[in-house]
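To keep things clear, I will list the structure first and then write my remarks on it.
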Amino acid sequence: MKIIARPKLIAFGERFPDAKVQLDVWWAEARRAKWKTPADIKAQYRNASILKGGRVVFNICGNKYRLILRFDYEKGIGLVRFLGTHKEYDKINAEEV
């Protein structure tokens with residue numbers, strides 16, 4: 001998958017150092033992935049939440065942080081729509097970001 005907005009992940013890792021390694025690992029795995037459906041993501045990330053509109057929520061650092069991407073499976077692209085603390089996540093509508 002082509003993951004768009006890598007700088008957001010890097011900046012977040014600098015702001016929250018405890019998330020850096022897990023975000024780097026997630027990004028490397030996502031770049032190698034050939035996800036064609038939400039079920040493909042669930043097979044790899046059982047705790048991921050599949051939302052409407054091609055959005056998927058990933059738990060980072062045991063759900064301390066949340067990462068939302070919008071996927072275009074046909075094009076093989078994932079766009080980072082949100083990355084924040086669980087508290088910040090609770091203030092947004094994950095299906096609209």
Side-chain angles (χ1 to χ4, degrees):
M1 299 294 290
K2 179 175 176 138
I3 305 300
I4 299 173
R6 173 79 171 133
K8 283 185 184 181
L9 302 179
I10 293 168
F12 193 84
E14 290 171 357
R15 190 171 139 213
F16 297 98
D18 62 325
K20 183 186 182 325
V21 171
Q22 192 168 3
L23 286 170
D24 288 345
V25 169
W26 178 89
W27 182 80
E29 290 174 352
R31 293 277 299 158
R32 287 190 303 269
K34 305 255 188 271
W35 297 321
K36 299 291 183 195
T37 67
D40 293 339
I41 294 174
K42 284 293 278 186
Q44 186 171 356
Y45 292 99
R46 297 178 69 177
N47 291 327
S49 299
I50 307 301
L51 307 178
K52 293 186 252 179
R55 286 174 174 75
V56 179
V57 181
F58 296 92
N59 298 324
I60 305 297
C61 292
N63 205 19
K64 184 175 180 181
Y65 307 109
R66 293 285 183 95
L67 170 63
I68 302 174
L69 278 87
R70 184 177 183 284
F71 287 97
D72 183 328
Y73 297 100
E74 286 184 23
K75 294 180 181 175
I77 296 172
L79 174 63
V80 175
R81 301 296 299 157
F82 172 85
L83 177 56
T85 66
H86 199 127
K87 187 176 182 178
E88 292 167 336
Y89 173 84
D90 287 341
K91 295 178 182 177
I92 65 162
N93 183 338
E95 294 180 346
E96 292 182 359
V97 296

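Cluster annotation: M1 and I41 are assigned to the same hydrophobic cluster (Ile/Leu/Val/Met/Phe/Trp/Tyr, side-chain heavy-atom contacts under 4.5 Å, transitive). V56 and L67 fall within a single hydrophobic cluster, where Ile, Leu, Val, Met, Phe, Trp and Tyr are joined by side-chain heavy atoms under 4.5 Å apart, directly or via other members. Taken together through direct or relayed side-chain contacts under 4.5 Å among Ile, Leu, Val, Met, Phe, Trp and Tyr, W27 and F58 form part of one hydrophobic cluster. Hydrophobic clustering (side-chain heavy atoms under 4.5 Å, transitive across Ile, Leu, Val, Met, Phe, Trp, Tyr) keeps I10 apart from L83. In this structure, F16 is a member of the same hydrophobic cluster as I60, with clusters built from ILVMFWY side-chain heavy atoms closer than 4.5 Å.
Of the possible polar contacts, one joining the R70 side chain to the G53 backbone as a donor-acceptor pair under 3.5 Å is found. In this structure a side-chain-to-backbone donor-acceptor pair under 3.5 Å is present from E88 to T85. In terms of modelled atom types and a separation under 3.5 Å, the side chain of N63 and the main chain of N59 share no donor-acceptor contact.
Note on ring orientation: taking the six-membered ring where Trp is involved, the planes of W35 and W26 are tilted (angle from 30° to 60°). Classified by interplanar angle (parallel below 30°, tilted 30° to 60°, perpendicular above 60°), the ring pair F71/Y73 is parallel.
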Check: Does the pair R81 and R55 meet the rule for a side chain to side chain contact (heavy atoms under 4.5 Å, CB included), with working shown?
Finding: CA-CA 9 Å; R81 301 296 299 157; R55 286 174 174 75; 4.2 Å; yes
Next item on the list: Please assess R66 against D90 for the test salt bridge (charged side-chain N to carboxylate O under 4.0 Å, His left out), listing each intermediate value before the final yes or no.
Entry: CA-CA 10 Å; R66 293 285 183 95; D90 287 341; over 6 Å; no
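In this model, a donor atom of one side chain and an acceptor atom of the other lie less than 3.5 Å apart for E29 and Y45.
Taking each heavy atom of G78 and L69 in turn, the nearest pair found is C-CD2, 3.8 Å. Annotation for A33 and Q44: closest pair CB-OE1, 4.3 Å, computed over non-hydrogen atoms. Between C61 and A19 the shortest heavy-atom distance is SG-CA, 3.6 Å. Closest approach of L23 to L9, counting heavy atoms only: CD1-O, 3.8 Å.
Ring to ring, Y89 and Y65 are not that close: their centroids are 6.0 angstrom or more apart.
Here the options are V97, I92, N93, the test is side chain to side chain contact (heavy atoms under 4.5 Å, CB included), and the partner is E95; only N93 passes.
How far CG of D72 is from CD1 of I4: 9.5 Å, rounded to the nearest 0.5 Å. To the nearest 0.5 angstrom, R31 atom CZ is 9.5 Å from R6 atom CZ. A distance of 8.5 Å separates OG1 in T37 from CD1 in I50, rounded to the nearest 0.5 Å. Remark: F82 CZ to E96 CD distance equals 14.0 Å, nearest 0.5 Å.
Using a 4.0 Å cut-off between a side-chain N of Lys or Arg and a carboxylate O of Asp or Glu, K64 and D18 qualify as a salt bridge.
Dense packing is recorded around NZ of K42, with more than 12 heavy atoms of other residues, nucleotides or ligands lying under 6.0 Å away.
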